[in-house]
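We name chains A, B, ... by the order of the sequence lines, and we start the count at 1 in each one.
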Amino acid sequence: VGLKCHFKKMALSVDEVRRIAALARLRVEPEDAERSAAQLSRIVDYIDQLGHVPAASAPTESGRQPYEREDEARPCLARALFLANAPQALDGLLVVPKVRADGD
Amino acid sequence: VTEPRELSAEEIAEGVRAGRLGALEVTEACLERIAGVEPRVGAFLRVEATAARDRAAEIDRRRARGARLGALAGVPLAIKDNLCLAGAPVTCGSKILSGFVSPYSATAVERLLAADAVIVGATNLDEFAMGSSCENSAFQATRNPWHLGMVPGGSSGGSAAAVAAGGVALALGSDTGGSIRQPAALCGVVGLKPTYGRVSRSGLVAFASSLDQIGPLGRTVRDVALGLEVIAGHDPRDATSERRPVPSYRERLEEGLAGLRVGTLREVEEERLALDSRRRWREAIATLGRLGAEVVEVSIPSLPAAVAVYYVLANCEASANLARFDGVRYGRRVRRPGADLADVYLDSRSSGLGAEVKRRILLGTFALSAGYHEAYYGRARGVVESMRRQFAAAFERVDLLATPTTPAGAFALGEKVDDPLTMYLSDVFTVPANLVGVPAVAVPSGLDDRGLPLSLQLLARPFDEATLLRAARAFEREAGFRTAPGFREAAAA
C-alpha cells in the first residue's frame with residue numbers, strides 16, 4: 001500500500017484554511033496563514049492517499065455491545081464545585097457575554 | 001544495600017506492608033532523587049512534596065495501627081497531567097486550562113489511592129497529549145535522561161522520563177496512538193497500552209475518545225503488571241469500560257514464552273528503519289525464538305496506511321472533544337471590551353491553544369466539514385475495519401505480534417518541530433494497536449549505536465494482557481536490559 005510523502009500540489013489554499021479556522025473558532029494570524037496552509041496541505045496530501053487504500057464497509061458499531069443503562073436521574077457534580085471553575089459566575093449561575101442577534 | 005528509590009514498586013509495596021520499609025522513608029528518598037535530577041530533566045509540571053509526605057506518613061500510621069495496606073502501599077507514583085486528581089490543577093500542558101482545579105478524581109487515580117500509592121506529582125506532556133516529543137507542552141521541554149539533548153518522546157514523555165530518571169517507580173500515562181509506548185521506548189522503560197475498555201477513561205481529559213487508554217509505565221514488566229492490576233476493571237462512569245473480571249497479571253508472569261506463537265509483520269521490513277534499529281529488531285526476534293517461541297511471518301497489508309488513518313480519526317475526534325475549551329465554563333477566558341460570545345470563543349481558543357493542537361483541530365474540522373466527511377472520516381473508518389479483520393486473521397495464527405516500537409531511538413530537541421508530517425510518520429508501529437483496540441507493550445531491547453534505548457513492541461488479542469505481559473517478562477529477563485540512564489550532557493552529542 002506504500003504511501004508517499006512528497007507532493008507537488010497544494011491541497012488547501014489560504015482561503016480554505018481561513019474558512020476551516022472560522023468553523024473551528026480559531027484565528028489564523030495573517031503572518032502564519034501561508035505557512036499554516038503549506039503545512040496542512042502536506043498532511044492533507046498525505047491522507048488523501050487513503051482514497052487508494054482498500055477499505056471494508058465499516059459497521060456502525062465496531063462489534064462491541066453498547067453499554068446501556070436506565071435513563072434516570074443520577075447524582076452529578078455539585079453546582080458550587082462546577083461554578084468554582086467558571087471564569088465568571090453570579091448568584092449560582094454562569095455569566096457569559098452577550099450573544100449577537102445576527103447569529104454569530 | 002539497595003537504595004529505597006532503586007527498589008521496584010513491587011518490592012516497595014511488599015516492604016511497606018510487611019513493616020520492613022517506611023512509606024515516608026521511601027517517599028523522602030524519591031523526593032530527594034527528583035530534586036537532584038529535575039533541574040536537568042524537567043519531567044514534572046508539579047511536584048507535590050508536602051502532600052506526598054503527609055500521605056506517606058498517614059500510610060505508615062495506618063500500618064502501625066495494624067491496618068491492612070493496599071497493593072501499592074507506599075509506592076511513589078507520578079501521573080500525567082491530563083488525569084484529574086480532586087482538588088489539584090490539571091493543565092494538559094495547555095494554557096487554556098490555567099486556573100482549573102479538578103472537581104473529582106479520575107477512576108484510575110482513585111484506584112491508585114485506594115491501593116495506598118503515594119502520588120508525588122504531575123508530569124509533563126505534549127499539549128492535550130498531541131505529540132511525540134513533549135515539545136508541544138506550553139510550559140517546558142522535558143529532556144531524555146539518557147541524553148539531555150534528546151527528546152523523551154511523547155506525549156507521556158514526563159512520565160517516561162520520571163520513571164527512567166529514578167524519581168518514581170511507576171507512572172501513569174495515556175496512549176491514543178503510542179503516547180505511552182513511544183516515550184517508554186525512547187527512555188528505556190516498560191510502557192503498556194491496555195486493551196480499549198480495560199481501564200476506565202473517566203477523569204482522563206479526552207483527546208480521541210475511541211482510541212484513548214490509560215496505562216502504566218515502570219522500570220520492569222512486573223511493576224507494569226502490578227500497576228495494571230490496580231487500575232483495570234469496570235467503571236459505571238465510563239460506558240466503554242469492560243465488565244469482564246481482571247485476572248492477576250503477575251500470577252503466570254514467569255512462565256516464559258515456550259509454546260507461544262509470535263508473528264512478525266512482513267510490512268515492518270518495508271518500513272524505513274534506522275540501521276541500528278533494524279539490527280536490534282532482528283536480534284530481538286532471534287531472542288524470542290531462543291526463548292522457545294515459534295516465530296512466523298504474518299501480514300497486515302494495511303499497516304502502511306495506519307498513520308494516515310490515525311491522523312484522520314484522531315483529529316476528527318479531537319476537533320469535537322476540544323470544542324469544550326471555549327472560555328465559557330472553565331479555564332482561560334479572554335474578553336476584550338465590547339466582545340460578544342463568539343469573540344470570547346475566538347480569543348480564548350486562539351490565545352490559549354498551541355500550534356500543534358490548532359493544527360490538529362483544523363485537520364479534524366476539515367475532514368468532518370460538509371463535502372469531505374465521507375471522503376476522509378468515512379474512508380478512514382473503512383480502512384480501520386479492514387485492518388481490524390487483518391489483525392483478527394493474524395491472531396488466529398499467532399498469540400502475539402512483534403514489531404519495533406519506533407523506527408529509531410530518541411531524536412534531538414528541535415529536530416522535527418517544524419516538520420509535523422515526519423513526526424507523525426514515526427508513529428507507524430504504535431497507532432495500529434489503538435486503531436484496532438488491542439493491548440500492546442513496549443519493552444527495552446537494548447541500545448542503539450549512540451547508546452540510546454531501543455524497544456520491542458508486542459501486541460496481543462483483546463483482553464489478553466496476561467499473555468502479553470508474560471511474553472514481555474520473558475523477553476526482558478533474556479535481554480538483560482537495565483534502566484540506568486547516564487544524563488549525558490547535550491554538548492556531548
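- No part of B:Val384 comes within reach of chain A, as not one of its non-hydrogen atoms sits under 4.5 angstrom from that chain.
- Contact tally against chain A (heavy-atom pairs below 4.5 Å) for B:Arg349, B:Arg379, B:Glu271: the top residue is B:Arg379.
- Atom CZ of B:Arg237 sits in a crowded spot, with more than 12 heavy atoms from other residues, nucleotides or ligands closer than 6.0 Å.
- The part of B:Arg335 that comes within reach of chain A is its side chain, from C-beta onward, which places non-hydrogen atoms under 4.5 angstrom from that chain.
- Using a 4.5 Å cut-off between heavy atoms, B:Leu322 makes no contact with chain A at all.
- You'll find the side chain of A:Arg25 stays beyond 4.5 Å of the side chain of B:Ile361, heavy atoms only.
- Counting non-hydrogen atoms of neighbouring residues, nucleotides and ligands closer than 6.0 angstrom, the CD atom of A:Glu72 exceeds 12 such neighbours.
- The OH atom of A:Tyr46 sits 12.0 Å away from atom OH of B:Tyr424, with the distance rounded to the nearest 0.5 Å.
- Contacts between B:Ala375 and chain A at a heavy-atom distance below 4.5 Å are absent for every atom of the residue.
- A distance-only check finds a donor-acceptor pair linking the side chain of A:Asn85 to the backbone of B:Val101 [under 3.5 Å].
- Atom CD1 of A:Ile43 and atom CZ of B:Arg360 lie 8.5 Å apart (nearest 0.5 Å).
- B:Gly382 and A:Ala55 get closest at one heavy-atom pair: C-CB, 3.6 Å.
- Judged as a side chain to side chain contact (heavy atoms under 4.5 Å, CB included), and not counting sequence neighbours, the contacts of B:Arg461 are B:Phe395, B:Asp399, B:Asp464.
- Taking chain A as the reference chain and counting heavy-atom pairs below 4.5 Å, the highest number among B:Leu421, B:Asp418, B:Val309 is found for B:Leu421.
- The interface of residues 87-94 of chain A with chain B, defined by heavy-atom distances below 4.5 Å, comprises A:Pro87, A:Gln88, A:Leu94.
- Contact of the A:Val96 side chain with the B:Arg333 side chain is registered, since non-hydrogen atoms from C-beta on lie closer than 4.5 Å.
- The structure places OH of B:Tyr377 at 13.5 Å from CG of A:Leu50, a figure rounded to the nearest 0.5 Å.
- Across A:Ala24 and B:Leu362, no two heavy atoms sit closer than the pair CB-CD2, 4.3 Å.
- The minimum heavy-atom distance linking A:Leu3 with B:Pro304 is given by the pair CD2-O, 3.9 Å.
- Interface remark: B:Val383 contributes backbone and side-chain atoms alike to the contact with chain A (heavy atom separation under 4.5 Å).
- For residues 319-328 of chain B, the pairs satisfying salt bridge (charged side-chain N to carboxylate O under 4.0 Å, His left out) are B:Asp326-B:Arg329, with sequence neighbours left out.
- By the 4.5 Å heavy-atom criterion applied to side chains, A:Leu23 and B:Ser369 are counted as neighbours.
- With values rounded to the nearest 0.5 angstrom, A:Leu77 atom CG is found 7.5 Å from B:Tyr104 atom OH.
- Residues A:Pro97 and B:Ala339 come closest through the heavy atom pair CB-O, 3.9 Å.
- Within the model, atoms CG of A:Leu12 and CG of B:Leu363 stand 8.0 Å from one another, a figure rounded to the nearest 0.5 Å.
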In residues 26-37 of chain A, what donor-acceptor pairs under 3.5 Å come from side-chain atoms, sequence neighbours left out?
from	atom 1	to	atom 2	distance (Å)
A:Arg27	NH1	B:Asp347	OD1	3.1
A:Arg27	NH2	B:Asp347	OD1	2.5

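- At a 4.5 Å heavy-atom cutoff, B:Tyr310 makes no contact with chain A through either its backbone or its side chain.
- Side-chain atoms of A:Arg42 never come within 3.5 Å of backbone atoms of B:Pro420 as a donor-acceptor pair (strictly under, hydrogens ignored).
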